[in-house]
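Note that the structure is a prediction, hence the values are computed from the model and not measured. Proteins come first, then strands; the chains are lettered A, B, ... in the order of their sequence lines, and each starts at number 1.
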2 protein chains.
Amino acid sequence: MKKKAIVNDTPICRVRMQAISDAMSILSGKWKFHILGTLIEGSKLGFMDLLREVDGIGTKMLSKELQDLEVNQLISRTVMNTKPVTVKYAITENGKSLQPIIDELAKWGISYRKSVFNNKS
Amino acid sequence: MKKKAIVNDTPICRVRMQAISDAMSILSGKWKFHILGTLIEGSKLGFMDLLREVDGIGTKMLSKELQDLEVNQLISRTVMNTKPVTVKYAITENGKSLQPIIDELAKWGISYRKSVFNNKS
DNA sequence: GAAAGTACTTTCCTAAAGGAAACTACTAAG
DNA sequence: CTTAGTAGTTTCCTTTAGGAAAGTACTTTC
């Protein structure tokens, strides 16, 4: 008689696990939270603005991540009718719904850093 | 005169960005949240238990991820004094502090899936 | 008409993540 | 003495992530 999964073998757990996988696949990578966080703080930023705000990112990654976020409707991209064409990126309502996750993540990161500092110095 | 970052150039933002990077580096990867979630639900599980509970994971990844999580004090590893040696993994207090993040992530993933379903079908 | 700015894309490359399968080592049951 | 179970490690491989640099295209300023 082989053993099978018990703890995670309930419909509720399966839905939760699926949901976490979904969220992770959309939010994975080095830059997504930084871009989203920046757009939540200061909405309506151009490509070059974001390049300056998101410390360390390059054009290729910024371009790619913005496309991913737009496809998933977390940000919007608006081409402005200006003489040198400008583009404005802004957070969407869907994107704003990530605020609690970003806040929890930042809160946890700060307290984790403190606990490491307390134990090691 | 070159433009510089404005939105993210406050001490508070820098600390938040750093905190998010810290959290991400500890929690990145395909399996960490699944393992932590499983250990929060059913504490004290063996290696083979986790292999069965965490759907799709292989021995190499499970072994590696457990080591990472132990180094960061999010889980504990206890070798039991039994005849065929067994090992029990359990969540630590530090690990339990991730519950809000996991809950928010699951909540967001569920509502995101619903919104996709509503718009596309 | 050269420089500089906006907004990207493309190419080329390296490093990290992840998976399958085999292997180690030990014990207990039949 | 063979099978099965616990607890991994090691090797080999493919895929994905990420970065640097150059190129495209168009416009305004000097």
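Near DNA chain C, meaning a heavy atom under 4.0 Å from it, residues 58-69 of chain A has T59(A), K60(A), S63(A), Q67(A) in order of number. Residues from residues 19-35 of chain A with heavy atoms under 4.0 angstrom of DNA chain D, sorted by number: G29(A), K30(A), W31(A).
The two atoms that bring V85(B) and M80(B) nearest to each other are CG2-O, 3.8 Å, heavy atoms only.
Residues passing the ring-ring contact (aromatic ring centres under 6.0 Å, His included) test with Y89(A): none are found, sequence neighbours excluded. Applying the side chain to side chain donor-acceptor pair (under 3.5 Å) rule to T92(A) yields no partners; only residues at least two apart in sequence or on another chain are considered. In this view, K88(A) satisfies the salt bridge (charged side-chain N to carboxylate O under 4.0 Å, His left out) rule with no residue, not counting sequence neighbours. With sequence neighbours excluded, no residue forms a salt bridge (charged side-chain N to carboxylate O under 4.0 Å, His left out) with E41(B). Here R113(B) pairs with D22(A) under the salt bridge (charged side-chain N to carboxylate O under 4.0 Å, His left out) rule; sequence neighbours left out.
Rounding to whole angstrom units, CE of residue M80(B) and P of dT27(C) are separated by 18 Å. Rounded to a whole Å, the CD1 atom of I57(B) is 14 Å from the P atom of dA17(C). Between the CZ atom of F47(B) and the C1' atom of dC26(C) there is a distance of 16 Å, given to the nearest Å.
One finds no side-chain N or O of R52(B) lying less than 4.0 angstrom from the OP1 or OP2 phosphate oxygen of dA7(D).
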What's touching nucleotides 24-30 of chain D from the protein side, N or O pairs under 3.5 Å?
none

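I75(B) pairs with exactly one of N94(B), L45(B), L36(B) by the side chain to side chain contact (heavy atoms under 4.5 Å, CB included) rule, that one being L36(B).
Residue pairs meeting the side chain to side chain donor-acceptor pair (under 3.5 Å) criterion with at least one partner in residues 96-106 of chain B, sequence neighbours excluded, are R16(A)-D103(B), W108(A)-S97(B), E93(B)-K96(B), E104(B)-K107(B). Judged as a ring-ring contact (aromatic ring centres under 6.0 Å, His included), not a single pair has a partner in residues 59-88 of chain A (not counting sequence neighbours).
Residue order along DNA chain D, read from the 5' end via each residue's closest nucleotide, puts G46(B) first among G46(B) and G56(A).
Grouping Ile, Leu, Val, Met, Phe, Trp and Tyr residues whose side-chain heavy atoms lie under 4.5 Å apart, directly or via other members, leaves V71(B) alone, with no other cluster members. In the hydrophobic clustering, I110(A) connects to V15(B), either directly or through intervening members, whenever side-chain heavy atoms lie under 4.5 Å apart.
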